[in-house]
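Following: one structure in structure tokens, then a few remarks.
In this text, all values refer to a predicted model and were calculated from it rather than measured experimentally. All ligand and atom numbering here is 1-based and tracks the order in the structure.
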Amino acid sequence: MNNQVQEIADGCEQLPERFIRKQDEEYGHITDTGGASEIPVIDVSLLTSSQLELERLKSAIITWGCFQGVNHGIEVSLLDKVRETSRLFFNLSAEEKKRYLREEDDVEGYGNDMVLSDDQILDWTDRLYLTVLPQDQQKLQFWPQNPTHFREVVNEYCSKLELINELILKALARSLNLDENCFIDQYGTTAKMTARFNYYPPCPWSDKVLGIKPHSDGSAITFLLQDKEVEGLQLLKDGQWFGVPVVPDALTINVGDQIEIMSNGIFKSPVHRVLVNSKDQRSTVAMFCMPQTEKDIGPADGLITDDRPRLYKNVTFSLDFYFKNYQQGKRSVDACKI
Ligand SMILES: O=C(O)CCC(=O)C(=O)O
Ligand SMILES: [Fe+2]
């Protein structure tokens, strides 16, 4: 197994070749930036009562696939605790963190980019990846015991996000004049939630690497808790990369591939990537909400019409399927098109 990026960052004088980003990458050059984005700020608390806010949500997702959610009902103190918990974990010694190291061919646990091919470009990031829901699928051997409140904080955060996820899925369905349960019904009996704690060490060669290569998420909905100060996330729209600013106390919420499929392509799962900083570390926590793994999903019946025929096959979205596409810089959802 390769060293973690944090160790490489601490000890190296030359950038290892495996991290040098491709100049001719599928989604465009680093210079194609459109500046800071105008990703809409949506008041989540209004989505059940205000038709106007619902329209704004629909427009944000059609245009960007993403919005900054405020008034989401999670106390700022809990968001801070989640950030702090993540910080404390990544601050542990390399030796202690390695107790939670993932298996070479598995995503779950602590580690850097999973290597699936010899020519793969590596992301400048270390991660802790955990299954959070259903709770009986938590693999506790990968859950840090230090900080001691790690599991409690993550479980509390996740139970709050579950409610917001449901609210947003219902709102998205209503915004398309569908029955509000139409997306949730595809979840099966148990929803799944995974967490990815991302840590991006500062990189002296920040213009030569990417924190995360361009990808879209395999989730239905992703909740990203951004670093409070350091920006880095960019989103691709109309051939340009736009920075996603930090909005205090907001959750950056985007739809993933599974909503693109369920909405028959009306909502687009946005391609995004992360730039790293030469001076400052950055850490974020992404929570991915999706149907249970074995569940077949497909476009909602009400969205298949003569004018808009079915665009995607029915699929089961396995992690294997997702990461094979991810490592090749491809969107899994494109592999589901008819
Ligand atoms: O760290 C970020 O800003 C984005 C993380 C992300 O895209 C992911 O974990 O899928
Ligand atoms: Fe992502």
Side-chain angles (χ1 to χ4, degrees), residues 5-6 21 27 33 36-37 39 61 64-69 79 82-83 86-87 89-90 102 107-114 122-132 154 157-158 161 192-203 206 209-237 241-247 250-260 268-277 280-290 317 319 322-323 325-333:
V5 175
Q6 204 173 352
R21 59 187 293 270
Y27 299 109
T33 46
S37 76
I39 290 180
I61 298 293
W64 293 96
C66 182
F67 64 96
Q68 306 270 19
L79 299 182
V82 175
R83 287 194 184 95
S86 170
R87 191 187 66 78
F89 171 72
F90 284 106
R102 64 171 176 77
V107 285
E108 188 123 2
Y110 168 66
N112 53 5
D113 222 359
M114 189 161 66
L122 299 182
D123 294 340
W124 188 265
T125 183
D126 291 333
R127 312 178 166 124
L128 174 66
Y129 188 94
L130 300 171
T131 298
V132 180
V154 174
Y157 182 49
C158 129
L161 285 181
K192 185 168 168 139
M193 200 186 298
T194 58
R196 185 146 85 175
F197 297 81
N198 299 301
Y199 173 79
Y200 310 94
C203 179
S206 55
V209 306
L210 285 174
I212 297 191
K213 61 180 81 56
H215 68 284
S216 62
D217 293 341
S219 55
I221 306 280
T222 303
F223 295 89
L224 181 73
L225 182 59
Q226 291 213 56
D227 193 289
K228 260 191 154 159
E229 278 130 36
V230 185
E231 295 180 346
L233 177 62
Q234 291 187 322
L235 202 133
L236 185 66
K237 179 169 136 352
W241 290 105
F242 291 88
V244 181
V246 174
V247 174
L251 290 166
T252 303
I253 303 174
N254 66 272
V255 299
D257 294 356
Q258 303 204 42
I259 283 293
E260 178 167 330
K268 284 271 175 330
S269 169
V271 171
H272 50 285
R273 69 178 184 186
V274 171
L275 304 184
V276 293
N277 199 285
D280 298 313
Q281 62 183 46
R282 175 171 184 266
S283 44
T284 63
V285 182
M287 303 288 278
F288 305 102
C289 300
M290 63 203 111
F317 232 86
L319 277 182
Y322 176 73
F323 277 105
N325 284 293
Y326 172 81
Q327 296 300 16
Q328 291 168 24
K330 298 205 170 101
R331 286 189 340 140
S332 308
V333 69

ask   = When you look for heavy atoms under 4.0 Å from ligand 1, do you find them on the side chain of F197, its backbone, both, or neither?
value = neither
query = What protein heavy atom is closest to atom 10 (O) of ligand 1, reported as residue, atom name and distance in Å?
reply = R196 NH2, 2.9 Å
task = Can you sort out which atoms of ligand 1 are near Y200, meaning under 4.0 Å from one of its heavy atoms?
result = 1 (O), 2 (C), 4 (C), 5 (C)
key: Test item: side-chain donor near acceptor, N325 and H215, under 3.5 Å   = no
ask   = In terms of residue, atom name and distance, what is the protein heavy atom nearest to atom 5 (C) of ligand 1?
value = N198 ND2, 3.5 Å
inquiry  = Does R102 form a side chain to side chain contact (heavy atoms under 4.5 Å, CB included) with E108? I'd like the steps, not just the answer.
reply    = CA-CA 6 Å; R102 64 171 176 77; E108 188 123 2; 5.8 Å; no
request  = Kindly indicate whether the side chain of S206, heavy atoms from C-beta on, has any atom under 4.5 Å from the side chain of W124.
outcome  = no
ask   = Relative to the ring of Y199, is the ring of F90 parallel (under 30°), tilted (30 to 60°) or perpendicular (over 60°)?
value = parallel
task = Could you list which atoms of ligand 1 come closer than 4.0 Å to a heavy atom of H215?
result = 6 (C), 7 (O), 8 (C), 10 (O)
query = side chain to side chain contact (heavy atoms under 4.5 Å, CB included) between L224 and L233: does it pass, once the steps are laid out?
reply = CA-CA 10 Å; L224 181 73; L233 177 62; 3.6 Å; yes
ask   = So which N/O/S atom does D217 have closest to the Fe ion (ligand 2)?
value = OD1
ask   = By number and element, which atoms of ligand 1 are closer than 4.0 Å to a non-hydrogen atom of V274?
value = 1 (O), 2 (C), 3 (O), 4 (C)
ask   = Could a heavy atom of R282 be found less than 4.0 Å from some atom of ligand 1?
value = yes
query = Is a side-chain N or O of Q68 found less than 3.5 angstrom from the main chain of P245, in a donor-acceptor match?
reply = yes
key: Separation of Q6 CD from D126 CG (nearest 0.5 Å)   = 6.0 Å
query = Where the side chain of R127 meets the backbone of R196, is there a donor-acceptor pair that is under 3.5 Å apart?
reply = no
task = Pick one of side chain, backbone, both or neither for how L224 approaches ligand 1, counting any non-hydrogen atom pair under 4.0 Å.
result = side chain
task = Report, in ascending order of atom number, the atoms of ligand 1 lying under 4.0 Å from any heavy atom of H272.
result = 7 (O)
ask   = Closest N/O/S atom of H215 to the Fe ion (ligand 2), by atom name?
value = NE2
request  = Decide whether the shortest distance between a heavy atom of Q226 and an atom of ligand 1 is less than 4.0 Å.
outcome  = no
inquiry  = Is it true that D257 and S216 share a donor-acceptor pair across their side chains at a distance under 3.5 Å?
reply    = yes
inquiry  = Closer than 3.5 angstrom, by distance alone: can the side chain of D227 be matched with the main-chain N or O of S283 as a donor-acceptor pair?
reply    = yes
query = Quick one: which ligand 1 atoms are inside 4.0 Å of a heavy atom on I212?
reply = 5 (C), 6 (C), 8 (C), 9 (O)
query = At a 4.0 Å threshold, what atoms of ligand 1 neighbour a non-hydrogen atom of D217?
reply = 10 (O)
query = In terms of atom number and element, which parts of ligand 1 are under 4.0 angstrom from non-hydrogen atoms of A286?
reply = 9 (O)
